[in-house]
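One structure is given here, and the rest of the page talks about it.
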Number of protein chains: 2
Amino acid sequence: MLKLSKKADYGLMALQYIASVQYGDVAQARIINTKEIAEEHHIPVELLAKVLQALAKHGIVESQNGPKGGYLLARNAGTITIAQVLEAIEGPLGIADCYHDKDESACLQREHCNIRTPLRKVQDSIYQLLNNMTVEDMMGGTPLITIQPTTTVEGVER
Amino acid sequence: MLKLSKKADYGLMALQYIASVQYGDVAQARIINTKEIAEEHHIPVELLAKVLQALAKHGIVESQNGPKGGYLLARNAGTITIAQVLEAIEGPLGIADCYHDKDESACLQREHCNIRTPLRKVQDSIYQLLNNMTVEDMMGGTPLITIQPTTTVEGVER
DNA sequence: TTTTGTCCGACCAATTTGATCGGAGACCTG
DNA sequence: CAGGTCTCCGATCAAATTGGTCGGACAAAA
């Protein structure tokens with residue numbers, strides 16, 4: 001219940017990885033291609049590519065074609081929130097459709113719906129929660145997480 | 001994204017309705033059958049029955065068979081949290097499986113998973129949020145007389 | 001005992017999700 | 001300058017979850 005999809009998982013992993021390499025060591029900052037991320041995290045390449053496409057289309061990452069190509073963050077990691085990432089991958093988020101849908105919503109219960117108002121509070125709280133966390137918070141060096149500060153940037157042979 | 005299923009919606013609506021009739025006016029407290037709830041909210045009867053079965057199996061409502069039968073709350077409305085309801089209907093909730101799963105979890109990424117720790121904070125916050133709200137809190141605009149002395153509006157910060 | 005109305009468990013169809021394949025464009029190399 | 005290679009990109013297919021349905025079992029009333 002409330003479990004986020006594999007695509008969302010993959011997207012967050014990829015963004016964390018890209019941000020770590022891009023912002024972790026400025027000297028070794030480089031473009032990262034889909035294959036590298038997929039092999040590093042053991043996820044299917046083509047599916048990850050699809051996720052990165054969606055992220056690129058929504059202006060979260062930028063794609064660079066051709067050999068030595070790949071992806072890089074379109075803007076600073078601190079300005080990319082989890083909510084933005086999830087919405088880019090799987091559409092608008094919300095525990096119910098009847099809040100952002102148009103009046104043609106097929107919710108037959110809306111006339112006698114008694115849970116609409118109280119649930120809205122829950123949804124707003126969740127949204128605020130996801131919007132206060134950025135991909136920067138998922139990297140090392142923040143008090144949010146307790147990972148060893150020795151983020152060893154692995155030199156992948158090519 | 002993060003939308004809760006129809007069954008969860010139906011279950012919450014039914015509980016709100018049962019609680020309103022059962023606690024709203026003590027003089028007119030009565031057993032409510034599945035058909036009445038379904039017709040009141042325009043939802044398929046058989047599906048609602050299935051949801052109520054799950055709630056009964058988890059000790060949230062009690063079933064009474066035979067004519068004049070139906071359902072009633074198993075315990076006070078203030079002690080039934082949204083989290084308990086959702087878990088009864090759709091299993092344990094969590095934005096990822098790898099937290100409550102056994103070591104047998106098929107998550108191939110857990111070795112190199114970088115988002116596990118930060119996402120756990122999000123999950124805990126959501127769980128806490130759903131666990132601080134009860135079906136009593138959903139009885140705000142009940143058409144019947146409310147005799148509950150304390151209306152605790154649970155605010156969630158950040 | 002018969003009848004009626006209810007809950008209960010197993011079954012089937014539809015939507016969403018996960019995964020895959022071939023093609024188009026861009027960069028490097030000779 | 002041209003060919004080859006590597007990358008991203010869009011459309012397509014299979015699997016799993018969800019939404020919905022059906023007949024049987026049980027209990028109370030007549």
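Reminder, nothing fancy here: chain letters follow the sequence lines and each chain counts from 1.
- Atom CG in Asp9(B) sits roughly 13 Å away from atom C1' in dT18(D) (whole-Å rounding).
- Considering CD1 of Ile31(B) and CG of Leu72(B), their distance stands at 4.5 Å, rounded to 0.5 Å.
- The nucleotide whose nearest atom lies closest to any side-chain atom of Leu47(B) is, among dG20(D), dT20(C), dC9(D), dG20(D).
- When the C1' atom of dA28(D) is taken as reference, atom CD of Gln64(B) falls 10 Å away, rounded to whole Å.
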Next on the checklist: Let's go through Arg30(A) and Glu36(A) carefully: what are the C-alpha distance in whole Å and the side-chain angles of both, what is the deciding distance for salt bridge (charged side-chain N to carboxylate O under 4.0 Å, His left out) to 0.1 Å, and is it a yes or a no?
Outcome noted: CA-CA 12 Å; Arg30(A) 66 186 197 279; Glu36(A) 177 182 340; 2.7 Å; yes
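- Taking 4.0 Å as the cut-off between side-chain N and carboxylate O, Glu46(A) and Lys35(A) do not count as a salt-bridged pair.
- Side-chain to base pairing of Lys68(B) with dG5(C): no donor and acceptor N or O lie closer than 3.5 Å to each other.
- For Lys6(B) and dA14(C), the NZ to P distance is 16 Å, given to the nearest whole Å.
- For the pair Leu48(A) CG and dT17(C) P, the interatomic distance rounds to 18 Å; values are reported in whole Å.
- The nearest whole Å value for the distance from the CD1 atom in Ile89(A) to the P atom in dT17(C) is 13 Å.
- Close to dC8(C), at under 4.0 Å from its OP1 or OP2, lies a side-chain N or O of Ser63(B).
- Note on the helix from dT1(C)-dA30(D) to dG30(C)-dC1(D): terminal axis deviation equals 10°, with five pairs used at each end and the result rounded to 10°.
- If you find the closest nucleotide of DNA chain C to Asn65(A) and to Lys7(A), the one lying nearer the 5' end belongs to Lys7(A).
- Between the His42(B) side chain and the Ala38(B) main chain, no donor and acceptor come within less than 3.5 Å of each other.
- In this structure, the nucleotide among dC7(C), dG10(D), dG19(D) sitting nearest to the side chain of Thr34(B) is dC7(C).
- Checked against dC8(D), dA19(C), dC21(C), the side chain of Asn33(A) finds its nearest nucleotide in dC8(D).
- The line from CD1 of Ile32(B) to OH of Tyr71(B) is 12.5 Å long, rounded to the nearest 0.5 Å.
- Nearest to the side chain of Pro67(B), among dA11(D), dG10(D), dT4(C), sits dT4(C).
- An OP1 or OP2 oxygen of dT17(C) is reached within less than 4.0 angstrom by no side-chain nitrogen or oxygen of Tyr10(A).
- For the atom pair Met13(A) CE and Ile18(A) CD1, the distance stands at 13.5 Å (nearest 0.5 Å).
- Lys50(A) places its NZ atom 12 Å from the P atom of dT12(D), with the value rounded to the nearest Å.
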Next on the checklist: Pair Glu136(B), Tyr23(B) - check side chain to side chain contact (heavy atoms under 4.5 Å, CB included), show working.
Outcome noted: CA-CA 9 Å; Glu136(B) 186 182 13; Tyr23(B) 287 96; over 6 Å; no
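- When the P atom of dC13(D) is taken as reference, atom CD of Glu46(A) falls 17 Å away, rounded to whole Å.
- Remark: P of dC26(D) and CD of Gln53(B) are 14 Å apart, rounded to the nearest angstrom.
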